[in-house]
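Worksheet: the structure to be examined is printed underneath.
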2 protein chains.
Amino acid sequence: MMRVPGRGPFIRIGMTSGTTGEPVLIPFTEEDYFGVFCEGAVRSVWAAGIRKEDIVHVAFGFTPFMGLAASYDSCEHLVGCLVIPGGTWSSLMRLKMIKKLGVTVLMGTPTYLLHLAKVAQDNGIDPRTLGVRIISTGGEPGAMSIPNTGVRLEKAWGSKVYDFAGTQETQYMAWTCEEGVGHINDDLLYCEVLDPETKEPVEPGQPGELVLTDLVGKTHPCLRFETGDIVNGIDPVTSCKCGRTLSIFKGFSGRTGDIIKVRGVCVSVAGIENVIRGIKECSDNYEYLAVKNGTGMDEIKVRVEPSKDIDPAQWDDVRKKVAETLQLSFMVNMDVEILPPGTLPVFELKAKRFRDLRN
Amino acid sequence: MMRVPGRGPFIRIGMTSGTTGEPVLIPFTEEDYFGVFCEGAVRSVWAAGIRKEDIVHVAFGFTPFMGLAASYDSCEHLVGCLVIPGGTWSSLMRLKMIKKLGVTVLMGTPTYLLHLAKVAQDNGIDPRTLGVRIISTGGEPGAMSIPNTGVRLEKAWGSKVYDFAGTQETQYMAWTCEEGVGHINDDLLYCEVLDPETKEPVEPGQPGELVLTDLVGKTHPCLRFETGDIVNGIDPVTSCKCGRTLSIFKGFSGRTGDIIKVRGVCVSVAGIENVIRGIKECSDNYEYLAVKNGTGMDEIKVRVEPSKDIDPAQWDDVRKKVAETLQLSFMVNMDVEILPPGTLPVFELKAKRFRDLRN
C-alpha cells in the first residue's frame, strides 16, 4: 500500500458528545491515534477474540466519535478484518447486510444493538440466526458496568458479549476479557478513584469518582482529568483467570451528577438500570427522573414500557414487581409508572434516560 | 504506524446504488483498493490542488459507496490531509463544523452540495464566507458533464469546482484538471464508445454508450462492461493546457434509458438539466417525466420549482422562459409546469429527477 510518510500534523479530530455542554474537539497526530489510542482499542478487539478472518460491522453514524472510530480502525488497520461501514443505513438495511455479508462481529452502543435486535424480531427475523458470534459494545455503560445489559444482548443475539470504555480526552481505558472481567490499560493511563466530595483517594477497590492521567499521548496530554464518572472501584487484586495482570475494573455506576440522594440514600442511575434490565417483563425503553413530590421531598420516578408481549391487564403486576425490586435493592421507595410500548423515545447512540427535574 | 501485513483477502466491499436493481456487492483486496482504485482517485484529488495542508470534509453517509469512500481514503491515506467524517450530521451541523474546523475542501454529490449551500443561505450564512477553496464532486454528473452545475456550485460557495467519475465495477475513470477539462485514467481502463443500437464503435470524439474494460484490477476484472452511460465522446486530441496527455473526456449526457426520443428527436436528460441549471430564476429542484399526451404521443414534461426569491406573480414568466429555452436547445416543445418551492423531494445523494411514465 502506497502511503505518505509523516502525515499530519493531525490525522483525526475527535469530538465529545457534548453531554455537559458544547462539544470539545480533540486532535490526534498519527502517532497518538494509531500508535496509542488504537493500541488501547485493539487490546479490547483482540481480547474479544476478533481475528483477521472476521467480518465486522460497526453500527455508528461516522461522526467524529473516536470510541467507535478507533474500534473500526483497529479492526481494519491493526487486526486486518474486513470492516463494513453503514453510517446512514436504516436498521432494516443493516440487518439485511449483516445476513448478506456474513457479518460475524457487531460493534455499537448497547442501546442501539438491543434496538437492532428488537427491529429484527418485529420483522420476523430471529437475531440468533444471523451468525453474529461476537458483540462488542462501547459509548455508554455496557456489560462491564451493567451486567444485565450484557445478559440481554447475549440472549437476543446468541453472541458472546464484550464491552469497552474510554474517554476521547485521554485514552481507551478498559475492556472485558473472555472471563467477562474488566481490565485497565495501566500502561496508557494512570487511574485514581477519589471521594467525589473530599477529592481524597478512596480505599483500594472502593467506589468513587474516576480521575485519569494520560501517560502516553502527546497531542493533548491530560493530567488528572476529572471524568465525572462514578466507578464501582479498581481492584488491587489483579489476578484474573484469563492470565492478564492488568488492574481489574469493576465498571461505571453513573455520572457524578447521576447519583440521586433521596432521604439520605445515594442511588446511582446505573444501579436502577441494572435492576430494570434484570426484570424480563420490562422492555429496553425506560427513563428515570429526580423530582420533588407534593411535599417538596426528593423522589425518584421510574417510567418503564413493558415488553410488547405483556398483556395490558398484567401491567399493574409489572409495576408492582419493578417497585418491589427497586425497594429491595436500594431500601428506598420509588414511584414506578408503566407506559404503553412506543411512548418513550428510542435512542440509537447514547441513551439519555435520566433527567433531574428537581430545580 | 503499526499495520498488519497482507490484510485480507478483502479489505473493502463496495455496493452499487442499485439504480437498475438489487445492489451489487464488489469486493476489493488491499492491492486493488489502495493500489489501484485509490490510485485512480488520488489523481483527481491531486489535480484539484488538494494537498497535505488541507482540511477535507467528505459529505456522505459512510455507506459502502466506493466513489466517495475512495476520495476519503485518498485524501487521508495517500495525500495525508486531515479528513473530517460526519456521516449522520445534519446539514446545519455540517455547516457549523465546516466553519469551526476551518474546512478548506468539500467533497460530495453536486446535488447535496448545492442543497447544503441553500441550507446555509436559509439560515443567514453566506457559504462564500466559510473559506472552502475547493469543491470536488462525484457520484452523479457534475461540472464535467453539466457545466452549469459547476457554475452554480462555484457561485454559491465561491470555490473552484472539480468533478470526478467512475464505476465501482471497474475503476475511477475520469476527473477534471485545473483547466476544467476531463481526463481519463487511460492506464487503468480501456474505454470504448459504441452506438447504443448497433454496438459498433462510433467515430472518435462522437457520443455513444460507454463500455469499460478494467486493465489492472484483479479482484473483479470486468471485460467490456456496459455502463449504460451515454457520453458526449472521448476526444482523440489529447493535448490540454494543463500539460497532461491522457485522453480527454467530454462528460456524460445521460443513461441509455435516459434518452427520450420525442417526435424523432433524441433528448438527453443531462441536456435538460444543463438548460435548467443555466436559468437563474430556477431553483435546484426540478424533475422531468416522459409521458404519453392525450393523443398517445410521447411528450416531455418538465416540472420546476422557481427560486424562493421569485414573486409568485412572475412564475408564469419563468415558465415561458424555461419552455422557450428548452425549445431553442432541442427544437422540441416540452410541457413546463411551475411548482411552489418545497413541492418536490430534496435528494441528498444521487438525485432521481427523471421518470419514464410512458408504459
Side-chain angles (χ1 to χ4, degrees), chain A residues 1-15 22-23 25 27-31 33-36 38-39 42 51-53 55 57-58 60-65 69 72-90 93-94 96-97 100-101 348-349, chain B residues 1-13 15 22-23 25 27-31 33-36 38-39 42 51-53 55 57-58 60-65 69 72-90 93-94 96-97 100-102 348-349:
Chain A
M1 169 182 155
M2 231 173 77
R3 273 203 49 251
V4 284
R7 294 182 293 172
F10 303 127
I11 66 151
R12 281 279 192 287
I13 292 203
M15 202 171 112
E22 180 79 357
L25 301 178
F28 288 86
T29 58
E30 176 157 21
E31 187 191 348
Y33 185 69
F34 279 109
V36 179
C38 288
E39 165 63 24
V42 77
R51 296 294 179 271
K52 198 172 143 177
E53 296 71 33
I55 299 182
H57 176 60
V58 186
F60 91 118
F62 282 83
T63 52
F65 169 55
Y72 186 103
D73 284 323
S74 296
C75 288
E76 174 171 329
H77 294 285
L78 304 185
V79 175
C81 310
L82 172 59
V83 189
I84 312 289
T88 51
W89 276 349
S90 68
M93 183 65 162
R94 248 179 247 286
K96 183 177 167 179
M97 286 298 142
K100 184 158 185 163
L101 298 171
E348 300 216 341
L349 195 61
Chain B
M1 168 183 157
M2 231 173 77
R3 273 201 51 249
V4 284
R7 294 182 293 172
F10 303 127
I11 66 152
R12 282 278 193 287
I13 292 203
M15 201 172 112
E22 179 80 357
L25 301 177
F28 288 86
T29 58
E30 176 157 20
E31 187 191 348
Y33 184 69
F34 279 109
V36 180
C38 288
E39 165 63 23
V42 76
R51 297 293 179 271
K52 198 172 142 176
E53 296 71 33
I55 299 182
H57 176 60
V58 186
F60 91 118
F62 282 83
T63 52
F65 169 55
Y72 187 103
D73 284 323
S74 296
C75 288
E76 175 172 328
H77 294 285
L78 304 186
V79 176
C81 310
L82 172 59
V83 189
I84 313 289
T88 51
W89 276 349
S90 67
M93 183 65 163
R94 248 179 247 285
K96 184 177 166 180
M97 285 298 141
K100 185 159 185 163
L101 298 171
E348 301 217 341
L349 195 60

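Within every chain, numbering begins at 1; the chains are lettered A, B, ... in the order of the sequence lines, protein sequences first and strands thereafter.
- For Leu101(A), the part sitting under 4.5 Å from any heavy atom of chain B is the side chain, from C-beta outward, and nothing else.
- Using a 30° and 60° split on the angle between ring planes, Phe62(A) and Phe62(B) fall in the parallel class, below 30°.
- Using a 4.5 Å cut-off between heavy atoms, Leu25(A) contacts chain B through its side chain alone, with no backbone atom that close.
- Between Phe60(A) and Arg94(A), the closest heavy-atom pair is N-NH1, 4.3 Å.
- Ring pair His77(B)/His77(A) is tilted by interplanar angle, where 30° to 60° counts as tilted.
- Most heavy-atom pairs under 4.5 Å with chain A: of the set Pro64(B), Ala69(B), Gly86(B), this distinction falls to Pro64(B).
- Within the 4.5 Å cutoff, side-chain heavy atoms of Phe10(B) are placed close to those of Thr29(B).
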